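Some notes on the structure that comes next.
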Amino acid sequence: MSNVIQLLPQALANQIAAGEVVQRPESVVKELVENALDAGTSSLTVVVKDAGKALIQIVDTGCGMTPDDAQLAFARHATSKVRTYDDLEAIHTFGFRGEALAAISSIAQVELRTKRMADETGICVRVDGGQFRSAEPVATSDGTSIAVKNLFYNTPGRRNFLKSNATEFRHILDTVQRVALANPEIGLSFIADDEPIYQLKAGSLPERLQAVFGHNFFDGLIPVGETTEYLTISGYVGRPQFARKARGEQFLFLNGRPVQNRLVHHAVTSAYGHLLSKGEYPFYLLFLTIDPKHVDVNVHPQKLEVKFDDEQAIYRLLMSVVRKGLAQADLAPTVELPGTLKTDGFETIRIPSTPTESTAGTVRFAAASSPQPMPDAAPSRWVSGFTEREASRRPESDDDRAYDRPARSMSPADQTEMLAGLEALYRPPAPPETLPS
């Protein structure tokens with residue numbers, strides 16, 4: 001009787017693993033860009049053709065690799081980031097599993113060119129469908145250039161399930177955008193089908209935000225931030241009027257890594273409260289810095305989702321920080337009228353007296369510290385009307401009659417003097433002789 005269980009061939013095992021690591025062309029871009037960032041690059045170029053199906057090329061100016069490392073990098077579970085289990089508890093890098101190159105090269109044709117600054121020549125390694133093809137010296141610039149061609153060419157079933165070019169390109173663009181926002185100190189170029197999409201210079205975060213979203217959008221952002229022993233929060237949130245009915249402009253970075261977390265999203269949206277209508281999603285760009293021992297980033301094949309050891313503390317702190325930023329921003333609606341001037345403690349606003357007139361008529365408002373004028377009706381008529389309303393609104397009791405008795409016993413001369421004093425007290429100020437121009 002023959003055995004039923006057997007080991008999978010290495011090439012087939014890599015293709016199965018690629019199903020977890022590489023779901024679409026965007027997955028390749030993400031993995032290779034993260035490798036470039038870990039290599040300490042100062043500039044990054046991303047080139048795609050046919051939405052990444054025909055070509056994905058990542059060029060960096062990082063540290064490069066030796067010839068031996070360049071070949072070993074294609075082996076499964078080969079990594080320079082992890083040596084012991086304790087290293088998993090303090091991960092400060094992006095890639096660490098050592099599966100990316102092995103998975104990508106098993107379902108595509110890959111060419112890697114790399115060179116260290118200390119070396120005179122570099123090396124070019126070619127792997128086709130998981131099969132090693134060649135490794136030879138080559139003249140190349142410092143850093144690493146890796147080209148991935150014909151993605152899923154040997155797994156047609158996977159290729160047939162890819163979406164349209166527009167959809168796949170949008171996923172790639174989102175990933176490149178997040179890399180650009182998380183690393184403003186790195187120059188970044190993104191070219192799709194020979195057309196430049198991004199040409200971003202290295203700079204500060206505000207400069208990068210303006211370059212990506214525009215100056216007008218940046219002017220509507222509210223800075224937020226807080227530093228505690230457990231967590232540091234910094235970034236921007238959008239004003240309520242910039243909220244949208246669809247998600248897509250929520251950016252969360254944990255120790256520089258773009259991640260997703262429903263708890264964080266709920267804390268931010270809850271902080272807006274009644275400022276958002278139901279079904280609206282605010283813009284936010286938040287950077288969380290925390291000791292890696294408090295975070296588990298190994299809960300998702302692509303490291304997109306993370307878990308915190310004290311989620312309630314994260315939730316409360318985030319909500320507090322966002323609410324504080326919104327409270328400090330002037331979110332009250334304002335009405336602007338043309339021709340506003342301030343004179344002698346009063347604010348004179350010129351407005352049209354009729355819908356067809358543009359300059360006639362003025363309205364004067366007293367300053368906040370000045371008494372407000374009473375209605376135009378005469379004070380005597382106002383006092384009389386108030387007394388009649390009060391009398392009709394409540395039944396007359398003995399105490400009421402006793403209270404009103406002194407006023408009813410006043411002589412006509414005393415009443416006239418009292419009303420004259422009220423008129424002088426509440427008379428609106430006289431308009432100026434000349435109106436300000």
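Residues take their numbers from the sequence shown, with the count starting at 1. Since we're looking at a predicted model, the values are computed, not measured. Values below: every heavy atom of this structure, side chains too, minus hydrogens, waters and symmetry copies.
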For a quick test of your reading: what N or O donor-acceptor pairs under 3.5 Å do the side chains of residues 247-254 make, sequence neighbours left out?
residue	atom	partner	partner atom	Å
E249	OE2	R244	NH1	3.4
Q250	OE1	G248	N	3.0
Q250	NE2	P282	O	2.8

Residues that R323 engages under salt bridge (Lys or Arg N to Asp or Glu O under 4.0 Å), provided they are two or more places apart: none

Just wondering, do [Y] and [X] contact through their side chains at under 4.5 Å, heavy atoms?
X: L285; Y: L205; answer: yes
X: I233; Y: L288; answer: yes
X: T175; Y: V33; answer: no
X: R126; Y: E136; answer: yes
X: M319; Y: L317; answer: no
X: T289; Y: N255; answer: yes
X: I56; Y: I104; answer: no
X: F190; Y: L200; answer: no

For R170, all residues meeting side-chain hydrogen bond (donor to acceptor under 3.5 Å, both in side chains), sequence neighbours excluded: D174

side-chain hydrogen bond (donor to acceptor under 3.5 Å, both in side chains) partners of S277, counting only residues at least two apart: none

I'd like to check the side chain to side chain contact (heavy atoms under 4.5 Å, CB included) partners of [X]; sequence neighbours left out, ordered by chain and number.
X: Q71; answer: I123, V125, F132, A135
X: Q312; answer: D310, R316
X: S164; answer: A166, T167

Is it true that a side-chain atom of [X] and a backbone atom of [Y] form a donor plus acceptor pair closer than 3.5 Å?
X: D193; Y: E195; value: no
X: S270; Y: A267; value: no
X: R208; Y: K201; value: yes
X: N261; Y: V264; value: yes

Starting at [atom1] of [X], measure out to [atom2] of [Y] and round the result to the nearest 0.5 Å.
X: I107; Y: Y153; atom1: CD1; atom2: OH; result: 10.5 Å
X: T155; Y: F161; atom1: OG1; atom2: CZ; result: 12.0 Å
X: K30; Y: N35; atom1: NZ; atom2: CG; result: 10.0 Å
X: E34; Y: L37; atom1: CD; atom2: CG; result: 7.5 Å
X: H294; Y: E311; atom1: NE2; atom2: CD; result: 14.0 Å
X: N216; Y: Q210; atom1: CG; atom2: CD; result: 10.0 Å

side-chain contact (heavy atoms from CB on, under 4.5 Å) between T114 and T140, worked out: CA-CA 7 Å; T114 185; T140 185; over 6 Å; no

Verdict with reasoning, Y284 to V322, per side-chain contact (heavy atoms from CB on, under 4.5 Å): CA-CA 10 Å; Y284 61 80; V322 175; over 6 Å; no

Pairs satisfying side chain to side chain donor-acceptor pair (under 3.5 Å), at least one member in residues 218-233, at least two apart: Y230-D309

Full working for side-chain contact (heavy atoms from CB on, under 4.5 Å) between R24 and L162: CA-CA 7 Å; R24 58 192 346 142; L162 293 178; 4.2 Å; yes

For [X] against [Y], the heavy-atom pair lying closest together:
X: F218; Y: P206; answer: CZ-CB, 3.6 Å
X: R113; Y: A139; answer: NH1-O, 4.5 Å
X: V110; Y: S105; answer: CG2-CA, 3.7 Å
X: S27; Y: V22; answer: CB-CA, 3.7 Å
X: L44; Y: I186; answer: N-CG2, 4.2 Å
X: Y236; Y: L286; answer: O-CD2, 4.2 Å

Donor-acceptor list for residues 59-69 side chains, cut-off 3.5 Å, not counting sequence neighbours:
residue	atom	partner	partner atom	Å
D60	OD1	G62	N	2.8
D60	OD1	T144	N	3.2
T61	OG1	T41	OG1	3.2
T61	OG1	S42	N	3.1
T61	OG1	S42	OG	3.1
T61	OG1	S43	N	3.3
T66	OG1	D69	N	3.2
T66	OG1	D69	OD2	3.4

More than 12 heavy atoms from other groups under 6.0 Å of CD on E120: no

Heavy atoms from other residues, nucleotides or ligands near CG of N160 exceed 12 (cutoff 6.0 Å): yes

Report all side-chain donor-acceptor pairs from residues 47-54 shorter than 3.5 Å, counting only partners two or more places apart or in another chain.
residue	atom	partner	partner atom	Å
D50	OD1	N165	ND2	2.7
K53	NZ	K163	O	3.4
K53	NZ	N165	OD1	2.8

Y281-H265 side chain donor-acceptor pair, cut-off 3.5 Å: no

Set of ring-ring contact (aromatic ring centres under 6.0 Å, His included) partners for F217, sequence neighbours left out: F213, F242, F283

ring-ring contact (aromatic ring centres under 6.0 Å, His included) involving F308 - partner list, sequence neighbours excluded: none

Verdict with supporting geometry, V46 and I197, side-chain contact (heavy atoms from CB on, under 4.5 Å): CA-CA 10 Å; V46 180; I197 307 300; over 6 Å; no

